*Asks:* 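Got a structure here, written out as structure tokens. Questions coming.
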Amino acid sequence: MATTVSFSVDSPNGPRTVSVAYERTGSGEPLLLLHGIGHHRQAWDPVLSVLAVEREVIAVDLPGFGASPELPDGLPYDLSTVVGVLGALCEELGLDRPHVAGNSLGGLLALELGRKKLVRSVTALSPAGFWTESERRYAFGTLRAMRQAALSMPVPLIERLSHSAAGRTALTSTIYARPGRRSSDAVVAETLALREATGFHRTLATGRSAAFTSDVPGLPVTVAWGSRDRILLRRQGIRAKHTIPDARLVRLPGCGHVPMNDDPALVARVILDTSR
């Protein structure tokens, strides 16, 4: 079950109250988990129980996604602001420089948290921000199409499709290489999360200028890319390695853009190895 916490964040027009939903489980050093655009914290469910054996895991719904309300007026969805919100969340929850793992948008946020030395290690799974302009346009076009498809389908149709492997493939094959492995309930929940994401358009709008161009010195960093990623093509991992020379670049064979579902054991091992 999610817990929601509210805290104050500075803005150019004075303090604003932000609320964030999260799930906290396990024991050990803290590990923050950040999902991608249009997703929710349940994206991490396939690896949560394994990670929780060795880590205190905090899976977050980013503002405007999942159970977290959108950012209040006066707070943009740019990288600096959202990273500031996550830093304030960690302070509110008493997390002193947690480890962090993020996927897609969450991977970009994780790297920026690392660059600002707010975390002690970073695992970035298919992180955003290493694209060419044409690759970015392709990714954003794909995401918009996914959102429009989710909005156009009546809920009974989504539920009906979720009951067969072919239907789950139709709904989620853009992000999963092995969509048949996803449960019916999870597919319905994440399709509804995509259509109800209040932060979707504002995040995409600010993402047009998002790029990660800095090194992340002094921290263990792993960048991992699914060999079957259909949204952020795996050659972007080579650019990430050039940008962050000391990072460990890991290939995730047979995995799509959201690899936690495609190979939970491998993804959990990569995260735990990085956060030793």
Side-chain angles (χ1 to χ4, degrees), residues 29-39 41 43-44 46-48 51 55 57-60 62 65 79-80 82-83 86-87 90 97-132 135-136 139 143 175 203 207 210-253 255-264 266-276:
E29 293 184 353
L31 169 64
L32 194 67
L33 300 178
L34 308 175
H35 62 76
I37 185 172
H39 225 148
R41 70 183 186 282
W44 297 98
V47 298
L48 209 59
L51 296 176
R55 300 284 178 270
V57 181
I58 304 93
V60 174
L62 295 171
F65 299 96
L79 189 59
S80 175
V82 178
V83 165
L86 292 171
C90 289
R97 294 184 69 240
H99 302 283
V100 64
N103 174 223
S104 193
L105 166 65
L108 173 59
L109 293 167
L111 288 167
E112 185 66 8
L113 285 164
R115 189 182 71 81
K116 294 195 169 186
K117 298 295 187 287
L118 296 174
V119 294
R120 63 184 84 174
S121 76
V122 176
T123 306
L125 308 172
S126 295
F130 297 100
W131 42 44
T132 63
E135 289 167 349
R136 184 200 64 76
L143 291 166
I175 60 172
T203 298
F212 196 83
T213 59
S214 303
D215 194 4
V216 186
L219 293 181
V221 175
T222 295
V223 175
W225 228 285
S227 66
R228 296 172 62 188
D229 194 326
R230 297 175 59 189
I231 296 181
L232 298 180
L233 306 180
R234 65 185 184 187
R235 60 176 173 258
Q236 295 171 37
I238 304 299
R239 295 187 203 121
K241 175 65 174 173
H242 289 156
T243 303
I244 313 166
D246 290 337
R248 181 176 64 134
L249 180 60
V250 175
R251 182 173 177 267
L252 304 174
C255 289
H257 183 60
V258 182
M260 299 83 80
N261 178 73
D262 290 325
D263 195 336
L266 175 59
V267 170
R269 187 165 72 246
V270 168
I271 293 170
L272 291 172
D273 285 350
T274 307
S275 61
R276 296 291 179 206

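Here the structure is a predicted model, which means the values were calculated and not measured. All values below come from the heavy atoms of this structure, side chains included, with hydrogens, waters and symmetry mates left out. All residue numbers in this chain count up from 1 along the given sequence.
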*Asks:* Would you give the length of the straight line joining atom CH2 of Trp225 to atom CZ of Arg251, rounded to the nearest 0.5 angstrom?
*Replies:*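 Atom-to-atom, Trp225:CH2 and Arg251:CZ are 14.0 Å apart.
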
*Asks:* Any side-chain heavy atom of Pro259 sitting closer than 4.5 Å to one from Val270?
*Replies:*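 The answer is no; the side chains never approach within 4.5 Å.
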
*Asks:* Using the salt bridge (Lys or Arg N to Asp or Glu O under 4.0 Å) rule, collect all pairs that involve residues 213-223, keeping only residues at least two apart or in two chains.
*Replies:*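 For residues 213-223: none.
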
*Asks:* Please answer whether the main-chain N or O of Ala210 pairs with a side-chain N or O of Trp131 as donor and acceptor at a distance below 3.5 Å.
*Replies:*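 Flag set: sc Trp131 to bb Ala210 pair under 3.5 Å.
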
*Asks:* Would a 4.5 Å heavy-atom cut-off, applied to side chains only, mark Pro127 and Val223 as touching?
*Replies:*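 Of all side-chain heavy-atom pairs linking Val223 with Pro127, at least one is under 4.5 Å.
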
*Asks:* Test side chain to side chain contact (heavy atoms under 4.5 Å, CB included) on Leu125 and His257 and set out the steps.
*Replies:* CA-CA 8 Å; Leu125 308 172; His257 183 60; over 6 Å; no

*Asks:* What are the two closest non-hydrogen atoms of Pro98 and Val119, and how far apart are they?
*Replies:*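 So the two residues come closest at O-CB, 3.0 Å.
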
*Asks:* Does anything in residues 229-241 form a salt bridge (Lys or Arg N to Asp or Glu O under 4.0 Å)? List the pairs, not counting sequence neighbours.
*Replies:*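 Applying salt bridge (Lys or Arg N to Asp or Glu O under 4.0 Å) to every pair that reaches into residues 229-241, excluding sequence neighbours, yields Glu135-Arg235, Glu135-Arg239.
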
*Asks:* If you look at every heavy atom in Gly114 and Leu219, which pair is closest and at what distance?
*Replies:*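 That would be O-CD1, 3.4 Å.
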
*Asks:* Tell me, do Leu252 and Val250 make a side-chain contact under 4.5 Å, heavy atoms counted?
*Replies:*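 Yes. Closest side-chain heavy atoms under 4.5 Å.
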
*Asks:* Work out which heavy atom in Val122 is nearest to a heavy atom in Ala110; give both atom names and the distance.
*Replies:*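 In this case the closest contact between Val122 and Ala110 is CG2-O, 3.5 Å.
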
*Asks:* What salt bridge (Lys or Arg N to Asp or Glu O under 4.0 Å) pairs are there with at least one residue in residues 105-116, not counting sequence neighbours?
*Replies:*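 Pairs touching residues 105-116 that pass the test: Glu112-Arg115.
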
*Asks:* Which residues satisfy the salt bridge (Lys or Arg N to Asp or Glu O under 4.0 Å) test with Arg41, sequence neighbours excluded?
*Replies:*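 Once residues adjacent in sequence are excluded, the partners of Arg41 under the salt bridge (Lys or Arg N to Asp or Glu O under 4.0 Å) criterion are Glu23, Asp61.
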
*Asks:* Within a strict 4.5 Å, meaning less than it, do heavy atoms of the Ile238 and Phe130 side chains meet?
*Replies:*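 No, their side chains stay 4.5 Å or more apart.
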
*Asks:* Are any side-chain N or O atoms of Arg55 and backbone N or O atoms of Ser275, one a donor and one an acceptor, separated by less than 3.5 Å?
*Replies:*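 Confirmed, Arg55 side chain pairs with Ser275 backbone.
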
*Asks:* Can you check whether Pro217 reaches Lys117 side chain to side chain, under 4.5 Å on heavy atoms?
*Replies:*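 They are in contact (side-chain heavy atoms under 4.5 Å apart), so the answer is yes.
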
*Asks:* For the residue pair Leu109 and Val83, establish whether any side-chain heavy-atom pair is separated by less than 4.5 Å.
*Replies:*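 Answer yes - side chains close enough.
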
*Asks:* Sequence neighbours left out, cut at 3.5 Å: what donor-acceptor pairs do the side chains of residues 29-39 make with other protein atoms?
*Replies:*
from	atom 1	to	atom 2	distance (Å)
Glu29	OE1	His99	NE2	2.6
His35	NE2	Leu62	N	3.0
His39	NE2	Glu190	OE1	2.7

*Asks:* Check whether any side-chain heavy atom of Phe65 sits under 4.5 Å from a side-chain heavy atom of Thr203, and report yes or no.
*Replies:*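 Side chain of Phe65 against side chain of Thr203, heavy atoms only: contact under 4.5 Å found.
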
*Asks:* Is the closest side-chain heavy-atom distance between Val100 and Thr123 below 4.5 Å?
*Replies:*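 A side-chain contact is absent here, since even the closest heavy-atom pair is not under 4.5 Å.
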
*Asks:* Minimum heavy-atom separation for Gly226 and Ser126, please, with both atom names.
*Replies:*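 Taking Gly226 first and Ser126 second, the nearest heavy atoms are N-OG, 3.9 Å.
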
*Asks:* Just jot down the side chain to side chain donor-acceptor pair (under 3.5 Å) partners of Arg120, sequence neighbours excluded, or say none.
*Replies:*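 Side chain to side chain donor-acceptor pair (under 3.5 Å) list for Arg120, sorted by chain: empty.
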
*Asks:* Looking only at heavy atoms, what is the nearest atom pair of Pro264 and Pro46, with distance?
*Replies:*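 Result for this residue pair: CB-O, 3.5 Å.
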
*Asks:* Roughly how far, to the nearest 0.5 Å, is CG of Leu266 from SG of Cys255?
*Replies:*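 Those atoms lie 6.0 Å apart.
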
*Asks:* Measure across Gly256 and Asp262 and return the closest heavy-atom pair with its distance rounded to 0.1 Å.
*Replies:*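 The answer is N-OD2, 2.7 Å.
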
